[in-house]
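Written out below as structure tokens is the structure these notes cover.
Note that this is a predicted model, so its numbers are computed, not measured.
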Amino acid sequence: MSYKVAQISDCHLFADKHQAGYQGINPHNSLQAVLADVACHQPDLVILSGDVSAEDCAAKGLASYRLFSQLWQQSKLTAPLLVIPGNHDHLEPLNSELNDSAGWPVSLNAGACWQVHGLNTKTDDTCGEISTSELAYLTEQVQLNPALHHLLVVHHHPHACGGWMDNHPWRNSDVFLQRVAQLPQIKVVLHGHIHHASEAQSEQCVFMSAPSTCWQWANAKEFAASHEAPGYRMLELNDNGRVETRIIRI
């Protein structure tokens, strides 16, 4: 048996659904196309790994989250949605509009053999950090469910990507990576932030990022966008802990 997960990331919605961004891409329209395609795959869970909004102020952020809600309803997706914040997001309106005011961290079961944990690495700037309380929560959840396989969702990239997005790093990622290495039940870490797909194996765990649902970043030394299309990641979580995955472009 397997459990089907779709990961979308870095939607960067504006309060004005007609506004375009980098490379002339309208993030509202590209997200609409992505969600319609995700719905065709009938996932059991959709994960949104941060940066839902592109807006600097909380009021406009709320407007962008309400646009996301409208697009979600239009997509006819019936799967649960797990959302975590990114560096561009506004915690209070994101939590109330898209997270049922549950706060973070948040966990849910994914079928009979997996558990998913959404963590918050947002700080007051573009960089990431994870708190000691969230690390303690993660450890407790894994130790309470040692027979399950565990998937973590974060926004910032735990490993350096080798490009200009390393100027916006996860400052204490070494502490996070050490904790992941100490908990062999953690099989997958999903993240966003870098606006391109990546995959790297480290001991028992695979670290994966998804494309943005709008514009993509080139993994270059200086700031640059790439010409890759918007997209998302699909995953099959197998009961034996193995994961099958692919990137789908729109």
Return yes if some donor-acceptor pair links the side-chain N/O of His193 with the main-chain N/O of Trp170 below 3.5 Å, else return no.
no
Between His12 and His195, does the ring centroid distance fall short of 6.0 Å?
yes
Ring centers of Phe223, Trp164 separated by less than 6.0 Å:
yes
Residue pair Ser2 / Asp44: nearest heavy atoms and the distance that separates them
O-OD2, 4.5 Å
Output field: ring centroids Phe207/His159 closer than 6.0 Å
yes
Is the centre of the His149 ring less than 6.0 Å from the centre of the Trp114 ring?
yes
Go through the steps to decide whether Gln19 and Asn26 satisfy the test side chain to side chain donor-acceptor pair (under 3.5 Å), and finish with yes or no.
CA-CA 6 Å; Gln19 184 175 343; Asn26 178 312; over 6 Å; no
Does Asp124 have more than 12 heavy atoms from other residues, nucleotides or ligands lying within 6.0 Å of its CG?
no
Tell me if the CG atom of Asn240 is crowded by more than 12 foreign heavy atoms within 6.0 Å.
yes
Just checking His191 against His156, ring centres under 6.0 Å apart?
no
Report yes if the side chains of His117 and Val106 come closer than 4.5 Å at any heavy-atom pair, otherwise no.
no
Determine whether Asn87 and His155 satisfy the following criterion, side chain to side chain donor-acceptor pair (under 3.5 Å), listing intermediate values before the conclusion.
CA-CA 8 Å; Asn87 52 285; His155 179 67; 3.0 Å; yes
Does Glu222, at its CD atom, have more than 12 non-hydrogen atoms belonging to other residues, nucleotides or ligands within less than 6.0 Å?
no
From the list Gln182, Gln115, Gln185, side-chain contact (heavy atoms from CB on, under 4.5 Å) partner of Val142 resolves to Gln185
Hydrophobic clusters here meaning ILVMFWY residues chained together by side-chain heavy-atom distances under 4.5 Å, can you tell me if Val189 and Tyr3 are in one?
no
Under a single-linkage definition using a 4.5 Å side-chain heavy-atom cutoff for Ile, Leu, Val, Met, Phe, Trp and Tyr, are Leu82 and Leu94 assigned to the same hydrophobic cluster?
yes
Evaluate the side-chain proximity of Leu45 to Lys4: yes if any heavy-atom separation is below 4.5 Å, no if none is.
no
Check for me, please, whether Val34 and Leu48 land in the same ILVMFWY cluster - side-chain distances under 4.5 Å, paths through other members count.
yes
Could you please spell out the steps behind the side chain to side chain donor-acceptor pair (under 3.5 Å) verdict for Ser198 and Ser209?
CA-CA 5 Å; Ser198 66; Ser209 65; 2.7 Å; yes
Quick one: closest heavy-atom pair of Glu129 and Thr123, and the distance?
N-CG2, 3.6 Å
